[in-house]
Amino acid sequence: GMMKDTDTGPVLKELVLIGGGHSHAHVLLMLGMDPIPNVRVTLITRDMETPYSGMLPGHIAGHYTKQECHIDLARLGRFAKARIVHAEVIGIDSIQQEVQLRSCLDGPGAEERPSLRYDVISVDVGCSPSAIGGLSGYDLQRSGGAGQHVCTVKPIDGFSAKFDKLVDSVKRWTCAKDVLVVGAGAGGVETALCMQYRLQETLASLGKPREWAKIAIVSRNTRIMPNHSISVSSLMRKIVDERGIGVHVGLAAQNVKTSNKGQDTLCCTSSGGEISLPFDECIWCTDGAPQAWTRELGLEMDANGFLLVEKTLQVRRNGDIVANFFAAGDCASIRDHPRPKAGVFAVMQGMPLSQNLRAFLEGKRLVPYVPQKEFLGIIGLGRGGAVASKGEVAMRADWLWDLKDWIDQTWMWKYTKGLPKMGGSEEGSSAVAQQAGEHALQLLRKASMRCGGCGSKVGSTVLSDTIQRMQSERPVHKNKEVLLGLDSPDDAAVVQQRGSSVVSVQTVDFFKSFIG
């Protein structure tokens with residue numbers, strides 16, 4: 001049914017975006033620039049600031065502040081006139097079209113959050129390194145982690161806090177420290193180079209030996225950066241060796257053990273048997289794994305558990321396309337077009353995702369998207385300079401860092417300081433309303449003529465009947481904070497927020513604005 005008014009008229013359709021990844025950042029930007037009439041947009045996000053993965057190594061090296069490499073989702077959401085729900089998704093019922101949520105608030109009752117209904121949904125929650133037991137970094141963090149000295153590079157907020165503590169602890173170092181980076185893809189190698197630079201600079205500023213920062217990379221493959229050409233791999237190995245970073249290839253990390261004396265050890269298997277590597281800090285930057293809840297949606301997945309989507313970015317359930325369910329970014333794989341889990345693809349999918357969400361809502365034809373096969377990768381080297389990788393080409397130059405910096409800062413500017421100032425939307429019946437049918441059009445025609453005075457209030461008998469029917473047909477979500485609510489309806493609700501001694505009386509009894 002039709003719900004309350006938004007800036008684009010009465011709500012006929014609910015568009016729910018899950019996650020603030022790179023693809024959804026573009027969707028929100030487009031919605032802000034060209035709103036879809038009669039559609040309410042809701043963004044559900046665990047993090048209120050979303051990091052731009054391309055700038056994370058630069059942030060580790062100390063070249064960017066946290067603010068410079070994060071998008072403020074509250075600000076971007078306001079620009080898109082979207083509701084922001086600060087919560088984690090724990091499941092989606094794609095048949096009933098509901099999202100189950102867990103509040104991001106701590107303390108008792110955090111689980112108590114009503115589900116959210118949608119007409120169209122899009123999931124862009126990324127992925128994080130596959131860590132101990134095959135858990136993604138998100139699930140590892142939620143389960144309490146794998147020890148205080150083990151951390152995955154994503155979720156980035158957890159890693160960032162961990163690395164800040166490590167840098168801060170340098171002033172207390174009295175000897176060398178071993179830092180292991182598990183995973184030798186572009187992300188792992190760049191992270192190792194940037195961590196080494198930052199730790200060495202911090203040591204030098206405190207008058208301590210730079211060599212105390214002992215970084216080593218652990219990889220199950222026979223060479224570093226195995227998804228890139230041999231020329232890129234060889235060039236990066238030369239640079240890593242120049243910098244004094246250790247490389248352990250052919251080792252599959254299995255688990256972490258802690259001795260009675262508190263020494264942590266990474267246990268690995270190789271063709272020659274088991275090998276143990278002692279460490280002070282261990283960062284996982286391995287191949288991505290999907291979050292556990294995305295595997296339990298009853299939707300088709302690829303061999304690694306990522307949501308399998310068509311070229312229109314729609315998912316399938318039991319062989320059939322679920323027309324109103326989209327997925328993009330690292331959490332999804334396009335059927336017959338597998339690509340590495342890299343930020344460049346999430347950025348590129350933002351445009352077709354935005355077009356197809358709009359096309360579906362307006363009853364228009366969806367556009368197919370085939371991701372490019374080759375892309376330019378620029379890997380920063382920590383203290384300056386970068387390596388470019390595209391196909392068989394490998395190039396090292398100082399000016400490549402300036403190019404990477406310009407590309408990344410330009411992209412970020414669009415979603416932060418570069419948000420345009422927009423005017424109002426056009427009048428008239430929208431494509432969404434026409435797609436919703438004649439009943440919706442009639443409601444819209446009447447909506448602008450509604451009485452703004454006493455006639456806008458709903459009669460008590462209608463209210464009572466509706467509340468009774470709601471409770472009999474479908475139990476209303478109960479919240480312990482509501483002391484007086486629908487169980488004993490009055491013209492006000494009495495609420496006492498968790499942890500507060502203050503009791504609030506809230507009433508919704510007002511007239512619409514007559515002018516302006």
Side-chain angles (χ1 to χ4, degrees), residues 2 6 8-19 21-43 80-82 92 94-95 97 117-124 297 299-302 306-329 331-339 344-373 422 425-441 443-444:
M2 189 167 68
T6 67
T8 59
V11 175
L12 299 176
K13 295 292 178 184
E14 297 278 0
L15 169 60
V16 173
L17 307 176
I18 296 178
H22 300 349
S23 301
H24 278 176
H26 184 80
V27 171
L28 289 166
L29 180 65
M30 292 296 103
L31 286 168
M33 293 171 71
D34 186 12
I36 311 176
N38 309 119
V39 173
R40 176 161 60 184
V41 182
T42 303
L43 173 68
K81 296 184 171 59
I92 301 170
S94 58
I95 296 170
Q97 298 185 185
R117 196 192 69 79
Y118 67 84
D119 294 301
V120 183
I121 193 166
S122 178
V123 178
D124 178 24
L297 300 177
L299 303 172
E300 291 188 15
M301 299 178 286
D302 70 4
F306 293 100
L307 294 173
L308 199 57
V309 297
E310 301 305 305
K311 290 194 282 287
T312 54
L313 304 178
Q314 291 164 303
V315 302
R316 281 185 186 265
R317 182 179 55 233
N318 302 326
D320 298 322
I321 287 180
V322 185
N324 68 338
F325 198 127
F326 295 77
C331 70
S333 297
I334 300 176
R335 190 187 301 275
D336 302 326
H337 297 282
R339 296 291 185 272
V344 63
F345 295 111
V347 168
M348 295 297 287
Q349 284 174 27
M351 190 173 292
L353 177 64
S354 178
Q355 289 174 335
N356 283 346
L357 288 171
R358 183 179 295 268
F360 180 77
L361 283 159
E362 295 181 345
K364 296 176 182 172
R365 188 171 155 272
L366 274 60
V367 296
Y369 165 72
V370 177
Q372 64 207 72
K373 287 186 177 174
M422 307 306 298
S425 58
E426 295 176 11
E427 293 294 320
S429 64
S430 68
V432 172
Q434 290 167 14
Q435 179 67 12
E438 183 57 33
H439 177 63
L441 289 171
L443 281 171
L444 284 179

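Residue numbers count from 1 along this sequence. The analysis underlying the following values was restricted to heavy atoms, covering all of them including side chains, and did not include hydrogens, waters or symmetry mates.
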Checklist line | S23 versus L353, closest heavy-atom pair with distance | finding: CB-CD2, 4.0 Å

Checklist line | Gap separating the NE2 atom of H24 from the CG atom of L29, nearest 0.5 angstrom | finding: 13.5 Å

Checklist line | Side chains of C331 and V123 in contact at under 4.5 Å (non-hydrogen atoms) | finding: yes

Next item on the list: Ignoring hydrogens and angles, tell me if any N or O in the side chain of D302 forms a donor-acceptor pair with the backbone of L308 under 3.5 Å.
Entry: no

Next item on the list: Answer yes or no: are there more than 12 heavy-atom neighbours, outside M348 itself, under 6.0 Å from its atom CE?
Entry: no

Check: Atom CD in E362, atom CG in N38: separation rounded to 0.5 Å?
Finding: 10.0 Å

Checklist line | salt bridge (Lys or Arg N to Asp or Glu O under 4.0 Å) involving R335 - partner list, sequence neighbours excluded | finding: E300, E310

Note to self: Can you give me the closest heavy-atom contact between L366 and A359, atom names plus distance?
What the structure shows: CD1-CB, 4.0 Å

Check: Quick check: does any side chain N or O of Q314 sit under 3.5 Å from a backbone N or O of A323, one acting as donor and the other as acceptor?
Finding: yes

Notebook entry, point to check: Which heavy-atom pair separates L299 from S94 by the least distance, and what is that distance?
Noted result: CD2-OG, 4.2 Å

Item checked: Point-to-point distance, once rounded to the nearest 0.5 Å, from NE2 of H26 to CG of L28 -> 10.5 Å

Next item on the list: Start with the C-alpha gap between L31 and L15, add the side-chain angles, then the distance that decides, and say whether side-chain contact (heavy atoms from CB on, under 4.5 Å) holds.
Entry: CA-CA 11 Å; L31 286 168; L15 169 60; 4.2 Å; yes

Next item on the list: Apply the test side-chain contact (heavy atoms from CB on, under 4.5 Å) to residues V27 and S122: give CA-CA distance (whole Å), side-chain angles for both, the deciding distance (0.1 Å), then the verdict.
Entry: CA-CA 10 Å; V27 171; S122 178; 6.0 Å; no

Next item on the list: Rounded to the nearest 0.5 Å, what's the gap from NE2 on H337 to OH on Y369? Could you check?
Entry: 10.5 Å

Next item on the list: Measure across A332 and A328 and return the closest heavy-atom pair with its distance rounded to 0.1 Å.
Entry: CB-N, 3.9 Å

Item checked: Cationic N near anionic O, under 4.0 Å, R358 to D34 -> yes

Check: Hey, which of I121, D124, T42 is the one that makes side-chain contact (heavy atoms from CB on, under 4.5 Å) with I18?
Finding: I121

Notebook entry, point to check: Is there a side-chain contact (heavy atoms from CB on, under 4.5 Å) between D119 and V16 once you walk through the steps?
Noted result: CA-CA 8 Å; D119 294 301; V16 173; over 6 Å; no

Note to self: Is it the case that the side chain of Q349 and the backbone of G329 share a donor-acceptor pair, with hydrogens and angles ignored and the cut-off at 3.5 Å?
What the structure shows: yes

Margin query: Could you go through E14 and R117, starting from their C-alpha distance and side-chain angles, then the distance that decides it, and tell me whether this counts as side-chain contact (heavy atoms from CB on, under 4.5 Å)?
Written below: CA-CA 8 Å; E14 297 278 0; R117 196 192 69 79; 3.7 Å; yes

Margin query: Working to the nearest 0.5 angstrom, can you tell me the gap between F325 CZ and Y118 OH?
Written below: 5.5 Å

Check: Looking only at atom types and distance, does a side-chain atom of N356 sit under 3.5 Å from a main-chain N or O of T312, one as donor and one as acceptor?
Finding: yes

Check: Does a side-chain heavy-atom distance below 4.5 Å link V315 with F326?
Finding: no

Check: Can you tell me how far the CG atom of L357 sits from the CE atom of M30, to the nearest 0.5 Å?
Finding: 13.0 Å

Note to self: Taking atom CE as the centre, does M351 end up with more than 12 heavy-atom neighbours from other residues, nucleotides or ligands that are less than 6.0 angstrom away?
What the structure shows: no

